[in-house]
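Since the structure is predicted, the reported quantities are computational estimates derived from the model, not experimental observations. Below, each value reflects all heavy atoms present in this structure, side chains not excepted, and no hydrogens, waters or symmetry copies.
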Amino acid sequence: MNVGERVGVIRGARVRGPGQELLPVADGDDLVDVFLRDGDIVDIAPTGVLSADGAVLDADGRFLIPGLWDHHVHVTQWALAAERVSVLEATTAVEAARRVAGSPVFADGRRVGVGFRDALWGDAPSLALLDEHTGDVPTYLINADVHSVWLNSAALRRESMSVDAGGILREGPAFEVSRRLNDVPADHADALVAAMARRAAARGVVGLVDLDMAWNEEAWARRIAGGFDTLRVSFGIYPEHLDRAIAAALRTGDPLRDATDLVHVGSLKVITDGSLGTRTAACSHPYAGSDGDRGMLTVAPEALVEMMTRATAAGLSCAIHAIGDVANSHALDAFAVTGATGTIEHAQLVSASDIPRFARLGVGASVQPEHAVDDRDLTDEVWAAQTATPYPLRALADAGATLLFGSDAPVSPLDPWAGMAAAVHRTRDGRPAWRPEQALDAATALAASTRGGSTDPATIRPGAPADLVLCEADPLVASESELRGMTVAATMLAGRLTHLS
């Protein structure tokens, strides 16, 4: 078989994940045949019992799981990252400046680097330092968390912006610079997005939530018209586009007009505080060594309630960015007052009294487990005085909250296996597990990586969509390294192969 072909029967698979207990076999190691028709699963039987009808994909005893989702991606920015130099491994400002200075200049005359993490550097980024290494070429370094951008003088002149001697723009101005950098010709961006989607399918991804800071309806209509068919997509709407969305009668869950059923309207996305890496997440206690700084709310609570009320009345769910415990409290308050449905994005620091409110209010926790291992040292240092719980995955799950895993790509790579490894094993690179009391069991982590999340996961059963992944190892017993290195043999979207190794 080849990519693009439709599978009629998956022969000889071992089913894993939600719903496997309902299979008509003696135990989880018995092989089954899974029959597909018109994009759905129509039957499951012990292997060889029923005759095949249609093209056969031999599983050869591999493990079949529901298709994986990434519930938080900045699609264009992640796609563009493939051609931008990464300075993620830089341990000093000088090293980061040198790395970006050695990168190629784009056709538009700019250099762009990504991934700097300055919070634990021994030296400080500065305008003078970046100027010294990059000269008159407009140069931009985007923080790993995307909430700050380090620019040289030539870039500041090009953007008609000013900044202090540190050369760092944060929050709103940083997002504006990122939007400008992402505004590349549509054909170039779409080619990079198509390549990104193929790489995602090779990791077992069948769908994602696109939270690009743009009018995403137009971009996805263009991509679908151009033949994009690799992933399902739910796209976000930002506050500056809320009036336009309401006027266009966009409602969460509706399919994109004049397009296939692959793309649907998502949620209103509101960013209410900063980030851990930029030390701007709104917290109840000061950051260590900050002389009393507690971060910042970027949207006042009353303004958040007003936006969420309007969105809810128009049929839009809400995806509220909240990282610090103060921001999470205000976001949960706004869900309670407005009756909105949706998610809190990130939920990285949550007070004990707020954890059960997620389940009580029906608010999903859209979290990025890989951030926990990325930020473990930073969390232990700058959030040392916080009394709320950082990265409380187990606590949220035990309270009955719906967990929805994502990457926040480009903040972390778009790879659900890395997220599952971080959630279950709470480590990477051979280090001891960090805060292991917040680790999840593998079944919950896998469910959180499917479309419906941990409390309403996608299942492999007759009548379910044939969004399926065939992988080499059993994800429910895999080690940390096995999860991160998982080989995906095949990915199917409505029974059509989008990846075949």
Side-chain angles (χ1 to χ4, degrees), residues 38-40 66-76 186 190 193-194 197 200 205-271 304 306-321 334-335 338-345 361-364 366 402 404 406 450-453 455-458 463-467 493-496 498:
D38 298 329
D40 292 332
L68 303 177
W69 272 68
D70 190 313
H71 291 276
H72 192 126
V73 180
H74 302 275
V75 165
T76 299
D190 290 351
V193 169
V205 176
V206 300
L208 56 78
V209 177
D210 179 14
L211 295 174
D212 265 340
M213 295 181 182
W215 178 246
N216 292 308
E217 182 198 38
E218 183 177 67
W220 283 109
R222 183 183 68 241
R223 291 165 189 156
I224 291 294
F228 182 95
D229 64 358
T230 311
L231 302 171
R232 300 189 190 277
V233 175
S234 173
F235 64 85
I237 297 162
Y238 279 76
E240 59 267 30
H241 299 129
L242 179 56
D243 288 340
R244 182 176 180 180
I246 292 173
L250 299 187
R251 299 172 65 88
T252 297
D254 284 353
L256 190 66
R257 295 179 184 130
D258 302 321
T260 69
D261 195 43
L262 289 182
V263 180
H264 291 76
V265 180
S267 300
L268 171 70
K269 170 71 184 298
V270 186
I271 299 173
L304 179 62
E306 189 274 335
M307 277 189 282
M308 291 175 67
T309 299
R310 292 182 61 222
T312 301
L316 293 169
S317 59
C318 298
I320 309 302
H321 165 117
F335 274 106
T338 63
T341 60
T343 59
I344 287 181
E345 302 296 316
L361 294 169
V363 176
S366 177
T402 297
L404 299 143
T450 68
R451 185 170 196 168
T455 59
D456 186 24
D467 293 354
L493 185 66
R496 175 175 48 84
T498 56

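Counting heavy atoms from C-beta outward, Trp69 and Val205 have side chains that stay 4.5 Å or more apart. Taking 4.5 Å as the limit, every side-chain heavy atom of Leu493 sits out of range of all side-chain heavy atoms of Thr230. In this structure, Glu217 and Leu256 have side chains that are in contact, with non-hydrogen atoms separated by less than 4.5 Å. Counting only heavy atoms from C-beta outward, the side chains of Ile344 and Phe335 approach each other to under 4.5 Å. Using a 4.5 Å cut-off on side-chain heavy atoms (C-beta onward), Thr309 and Glu306 make no contact. Proximity of Phe228 to Val263: side-chain heavy atoms (C-beta onward) are nowhere separated by under 4.5 Å. No side-chain heavy atom of Val206 sits less than 4.5 Å from a side-chain heavy atom of Arg232. In this structure the side chain of Asp212 never reaches within 4.5 angstrom of the side chain of Phe235, judged on heavy atoms.
Remark: His241 NE2 to Leu250 CG distance equals 11.5 Å, nearest 0.5 Å. Note: Leu361 CG to Thr341 OG1 = 11.5 Å, rounded to the nearest 0.5 Å. For the atom pair CG (Leu268) and CE (Met307), the distance works out to 7.0 Å, reported to the nearest 0.5 Å. With values rounded to the nearest 0.5 angstrom, Asn216 atom CG is found 8.5 Å from Ile237 atom CD1. Here the CG-OG1 distance, from Leu404 to Thr343, works out to 7.0 Å after rounding to the nearest 0.5 Å. Note that the OG1 atom of Thr450 and the CG atom of Asp456 stand 8.0 Å from one another [nearest 0.5 Å].
The minimum heavy-atom distance linking Ser267 with Ala319 is given by the pair CB-N, 3.7 Å. Listed here is the closest heavy atom pair of Thr312 and Ala340: OG1-CB, 3.3 Å. When all heavy atoms of Gly207 and Leu231 are compared, the closest pair comes out as N-CD2, 4.2 Å. Closest non-hydrogen pair, Ala458 versus Pro66, comes out as O-CG, 3.4 Å. Residues Val209 and His71 approach most closely at CB-O, 3.3 Å, considering heavy atoms. Scanning all heavy atoms of the two residues, the minimum distance from Pro255 to Asp261 falls at CB-OD1, 3.9 Å.
In this structure, Asp467 does not pair ionically with Arg451, as no charged nitrogen and carboxylate oxygen lie closer than 4.0 Å.
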ask   = Between Val270 and Leu304, is a side-chain contact (heavy atoms from CB on, under 4.5 Å) present by the stated rule, with each step listed?
value = CA-CA 8 Å; Val270 186; Leu304 179 62; 3.9 Å; yes

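With Tyr238 contributing its side chain and Trp215 its backbone, the two residues share no donor-acceptor pair below 3.5 Å. No donor-acceptor distance shorter than 3.5 angstrom exists from the side chain of Thr252 to the backbone of Val265, with no hydrogens or angles considered. A donor-acceptor pair is defined here as one N or O able to donate and one able to accept, closer than 3.5 Å; no such pair exists between the side chain of Asp70 and the backbone of Leu208. A side-chain donor-acceptor contact under 3.5 Å links Arg496 to the backbone of Asp229.
Applying side-chain hydrogen bond (donor to acceptor under 3.5 Å, both in side chains) to Glu345 and the options His72, Lys269, His321 leaves one that passes, His72.
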